[in-house]
Amino acid sequence: MASFPLETIRHSVSHVMACAVQELFPETKFDIGPSTADGFYYDFDMEARLSPEDLEKIETVMARIASEDHAFEYFELTREEAEKLLGEKGQQYKLERLKDIPSGEKISFYKSGGFTDLCRGPHVEKTSQVGAFKLLSVAGSYFRGKEDNPMLQRIYGTAFPSKKELDAYLKQLEEAKKRDHRKLGRELDLFSSADQVGPGLILWHPKGAFIRNTFETFWKEEHYKNGYELVNTPHIGRSDLWHTSGHLDFYKDAMYSPMDIDGNDYFVKPMNCPFHIQIYKTKLRSYRELPLRWAELGTVYRYEKSGVLHGLLRVRGFTQDDAHIICTPEQIESEISEVLQFSLSMWKAFGFKDVKPYLATRPEKSVGEESRWTQALESLRKAVEKAGLECEVDEGGGAFYGPKIDLKVRDAIGREWQTTTIQFDFNLPERFDMTYIGEDGQKHRPYMVHRALLGSIERFFGILVEHYAGAFPVWLCPEQLRILPITEKQHDAACAYLKALKSKGIRAEMDLRSETVGSRIKDARNDRIPYIAVIGEREASVGTAAIRSRREGQIGELDSWGLAEKIVSDIDNKI
RNA sequence: GCCAGCUUAGCUCAGUGGUAGAGCAGUUGAUUUGUAAUCAACCGGUCAUCGGUUCAAGUCCGAUAGCUGGCUCCA
């Protein structure tokens with residue numbers, strides 16, 4: 001049997017699906033059915049509202065169509081013939097799509113079984129070659145993705161050459177589900193949100209807050225080590241600030257309504273930069289002071305549409321690990337390079353080794369001198385090169401105020417997350433008239449770079465939970481060790497062991513419940529405790545504990561000194 | 001915001017229009033345990049909220065809120 005590219009298989013399956021849908025719902029109007037990174041979809045317009053049961057029915061019909069082994073027949077029509085064919089069938093979306101095909105290009109159709117579709121192809125030869133497929137979900141989707149267009153129904157599915165590969169993919173979906181930070185966040189008692197507080201606003205429970213504080217402390221230390229200074233700024237600022245910054249012109253929809261204080265409008269901050277700029281402007285700055293690197297874990301609030309909120313990954317109140325670098329033109333190249341290196345080392349500390357940069361260049365509508373864009377872009381490019389990374393370029397994908405590099409990191413189960421962003425800003429220095437006095441005694445406009453390494457603390461925490469599957473490395477664990485005395489007779493020995501570990505700075509707890517050892521082990525494992533120390537009569541008599549490690553399993557008996565040494569070594573190595 | 005679905009105990013979930021349930025968790029007691037669940041009793045509910053239909057609503061209808069999957073958006 002001939003082998004086909006995955007996209008061809010998936011796109012062919014989408015035709016088979018459309019064919020099945022046409023059979024079950026003859027009045028259906030069809031849009032398009034492309035393959036995607038994970039599978040395929042097809043958009044339909046129909047009276048009936050598709051349910052999960054419908055997906056099963058569609059799948060059954062699909063299986064039949066596949067087994068009937070229809071050929072994918074290719075034919076071309078003139079534009080007039082195509083219009084006539086689609087018009088007769090009342091396929092208004094297809095007619096719209098037909099208009100997209102430039103004149104002079106071939107207008108091709110594929111027919112397989114009872115379904116004929118305007119389609120570029122390519123396809124497998126016969127419906128029996130579509131491999132193993134599964135329909136996954138149904139969702140609404142605007143025609144052409146535009147909000148004012150009609151809402152179509154989209155069926156998502158996936159397909160692979162073999163059943164084995166399909167099963168492996170479905171298993172990965174299961175694995176992702178098990179790691180879902182919303183589920184683990186509840187089970188491990190890390191965070192929640194409350195209807196009464198409001199959607200998209202996160203409540204950090206003691207354990208979640210402990211982990212957050214621990215990596216925030218690390219973050220702060222690393223920033224000091226890397227030549228940053230920390231600043232703190234308020235949560236609200238007067239409307240004048242946001243007028244000057246331009247936020248009220250460009251992003252008002254995402255900002256919350258103002259509050260009146262003594263007759264002045266104040267807005268909750270959607271960004272930290274205007275405040276940092278105010279610090280800059282408190283005095284005349286000399287080139288000798290630059291570069292300035294000011295970092296802040298600054299909590300901002302942005303209006304997000306209700307439908308997009310998602311656990312910790314998309315919220316309305318979040319903390320940016322923000323920093324602004326203000327420097328001279330001569331400094332930007334090394335500054336950018338340092339930021340990139342800093343980011344890579346930060347991600348490495350959390351066990352993310354696969355990091356990929358995306359460079360976004362000048363869009364059509366933008367501000368700033370051409371020479372600045374060129375220099376900025378060049379510095380971004382060189383930094384990537386110097387780091388020895390492969391970089392994808394998004395032409396015209398930059399913000400209107402400057403070019404940027406975004407980093408995507410790959411987690412433990414291979415998913416990519418967009419996190420770090422390094423952005424030039426040619427807009428705010430102008431708007432706030434930021435200057436420094438150069439060597440020549442004249443005023444100059446500094447370069448300004450916004451950067452966030454982790455992105456937002458909330459989102460980063462969500463990513464971490466899924467990356468580690470809830471099993472945080474020892475340095476982040478609120479509880480690093482749980483001590484289980486087998487019976488009440490070992491309580492004193494367990495207390496002594498606990499005290500010894502605690503005195504060495506280990507975060508240890510005891511489970512003195514009169515449950516069986518097996519039951520308490522189960523609970524400790526479910527709580528993802530990295531070390532469990534069991535103390536029975538034997539261990540108590542010699543002052544040791546039987547140690548079970550989350551990573552290595554049973555590792556034998558250790559006294560408190562030996563265990564502390566092992567745990568400290570894990571902490572130092574961020575294991 | 002839009003489309004669809006969902007919302008029953010802290011959690012996971014049963015429940016023909018006719019007396020609100022189970023397991024786990026929690027509390028109490030018994031048990032003194034050797035590496036993933038000891039036993040028992042008890043506690044726990046305005047069935048998301050509000051309104052409607054009905055002799056009767058967890059169940060049918062409507063509105064609102066929240067959640068889920070997408071779409072759009074993400075400075």
Side-chain angles (χ1 to χ4, degrees), chain A residues 36 41 43 45 48-54 136-156 177 180 182-183 186-187 189 192-200 242 245-255 270-274 300 302-311 313-316 318 320 398-402 404 406 418 421 423 425 427-428 450 452 455-456 459 482 484-491 512-527 532-539 545-549 553-554:
Chain A
T36 64
Y41 65 82
D43 284 347
D45 188 9
R49 294 293 150 205
L50 293 166
S51 66
E53 295 78 59
D54 291 323
L136 297 172
S137 62
V138 57
S141 148
Y142 299 110
F143 176 58
R144 290 187 193 280
K146 292 223 169 61
E147 257 176 306
D148 31 7
N149 279 344
M151 178 72 71
L152 309 177
Q153 295 188 78
R154 173 173 297 180
I155 300 179
Y156 281 96
K177 216 169 170 183
D180 192 314
R182 294 166 299 182
K183 178 176 178 288
R186 187 173 50 238
E187 285 172 6
D189 199 11
S192 63
S193 63
D195 289 1
Q196 223 174 351
V197 175
W242 305 109
S245 70
H247 286 95
L248 284 174
D249 296 332
F250 296 108
Y251 313 115
K252 195 171 196 305
D253 288 350
M255 291 172 68
M271 283 184 110
N272 304 300
C273 15
V300 299
R302 299 179 185 178
Y303 172 74
E304 299 280 2
K305 288 176 179 175
S306 58
V308 305
L309 299 172
H310 182 93
L313 301 182
R314 196 73 183 270
V315 291
R316 285 179 173 162
F318 59 97
Q320 291 183 308
F400 74 87
Y401 50 78
K404 62 171 180 174
D406 290 335
Q418 208 244 284
T421 183
Q423 311 187 343
D425 193 327
N427 185 42
L428 290 180
H450 311 256
S456 102
R459 186 175 137 86
R482 187 171 293 176
L484 311 183
I486 289 180
T487 75
E488 262 168 31
K489 288 187 194 118
Q490 289 89 42
H491 279 195
L512 300 181
R513 292 174 303 160
S514 67
E515 298 290 334
T516 60
V517 176
S519 165
R520 285 177 289 164
I521 294 266
K522 184 205 65 166
D523 288 340
R525 286 178 55 96
N526 284 341
D527 291 344
I532 302 168
V534 177
I535 299 179
E537 209 173 329
R538 204 170 57 236
E539 292 84 0
I547 307 302
R548 178 170 171 150
S549 147
Q554 213 67 37

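Proteins come first, then strands; the chains are lettered A, B, ... in the order of their sequence lines, and each starts at number 1.
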Base, sugar-phosphate alone, or nothing: which one does [X] contact when heavy atoms must sit under 4.0 Å apart?
X: A:A524; answer: nothing
X: A:Y156; answer: sugar-phosphate
X: A:G307; answer: base
X: A:E187; answer: nothing
X: A:D523; answer: nothing
X: A:Q423; answer: sugar-phosphate
X: A:G518; answer: sugar-phosphate
X: A:Q490; answer: nothing
X: A:F250; answer: nothing
X: A:P270; answer: base
X: A:H247; answer: base
X: A:S519; answer: sugar-phosphate
X: A:R316; answer: nothing
X: A:V517; answer: sugar-phosphate

Please report the distance separating the [atom1] of [N] from the corresponding atom of [M], rounded so that it comes out in whole Å.
N: B:C39; M: B:U31; atom1: P; value: 16 Å
N: B:C73; M: B:C2; atom1: C1'; value: 12 Å
N: B:U46; M: B:C55; atom1: C1'; value: 22 Å
N: B:A63; M: B:G5; atom1: P; value: 12 Å
N: B:C61; M: B:G21; atom1: C1'; value: 27 Å
N: B:U54; M: B:G62; atom1: C1'; value: 16 Å
N: B:U49; M: B:A65; atom1: C1'; value: 7 Å
N: B:G51; M: B:U12; atom1: P; value: 28 Å

Under the criterion side chain to side chain donor-acceptor pair (under 3.5 Å), which of A:R182, A:K183, A:K177 is the partner of A:D180?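 With A:D180 as partner, side chain to side chain donor-acceptor pair (under 3.5 Å) holds for just one option, A:R182.
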To the nearest 0.5 Å, tell me how far [X] [atom1] sits from [Y] [atom2].
X: A:D45; Y: A:S141; atom1: CG; atom2: OG; result: 11.0 Å
X: A:I521; Y: A:L484; atom1: CD1; atom2: CG; result: 5.5 Å
X: A:D148; Y: A:F143; atom1: CG; atom2: CZ; result: 12.0 Å
X: A:Y251; Y: A:R302; atom1: OH; atom2: CZ; result: 9.0 Å
X: A:S193; Y: A:R316; atom1: OG; atom2: CZ; result: 11.0 Å

Basic-acidic side-chain contact under 4.0 Å: A:E147, A:K305: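 Yes.
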If you measure from the Lys or Arg side-chain nitrogens to the Asp or Glu carboxylate oxygens, is any gap between A:R482 and A:D523 under 4.0 Å?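 Answer for the salt bridge query: no.
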Closer to the 5' end of RNA chain B via nearest nucleotide, is it A:K404 or A:P199?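 Going by which nucleotide is closer to the 5' end, it is A:P199.
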Please tell me which of A:R49 and A:R520 maps to the more 5' nucleotide of RNA chain B, matching each residue to the nucleotide holding its nearest heavy atom.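 With A:R49 and A:R520 compared, the 5'-side residue is A:R49.
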Show, in sequence, the C-alpha distance, side-chain angles and deciding distance for A:K252 and A:W242, and conclude whether the side chain to side chain contact (heavy atoms under 4.5 Å, CB included) test is met. CA-CA 9 Å; A:K252 195 171 196 305; A:W242 305 109; over 6 Å; no
Taking 5' to 3' order, which nucleotide of RNA chain B is first and which is last to have an atom within less than 4.0 Å of a heavy atom in chain A?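 First-to-last contact on RNA chain B, by the 4.0 Å heavy-atom rule, is B:G1 to B:A75.
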Could you write out RNA chain B as dot-bracket? Rules: Watson-Crick or G-U wobble, both distances under 3.5 Å, brackets [ ] for crossings, | for pairs with another strand, dot for unpaired. (((((((..((((....[..)))).(((((.......))))).....(((((..]....))))))))))))....
Check this for me: A:E537, atom CD, are more than 12 non-hydrogen atoms of other residues, nucleotides or ligands nearer than 6.0 Å?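 Check fails, neighbour count at 12 or below.
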If the test is side-chain contact (heavy atoms from CB on, under 4.5 Å), which one of A:K404, A:H450, A:Q320 qualifies with A:T421?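 Exactly one pass, corresponding to A:K404.
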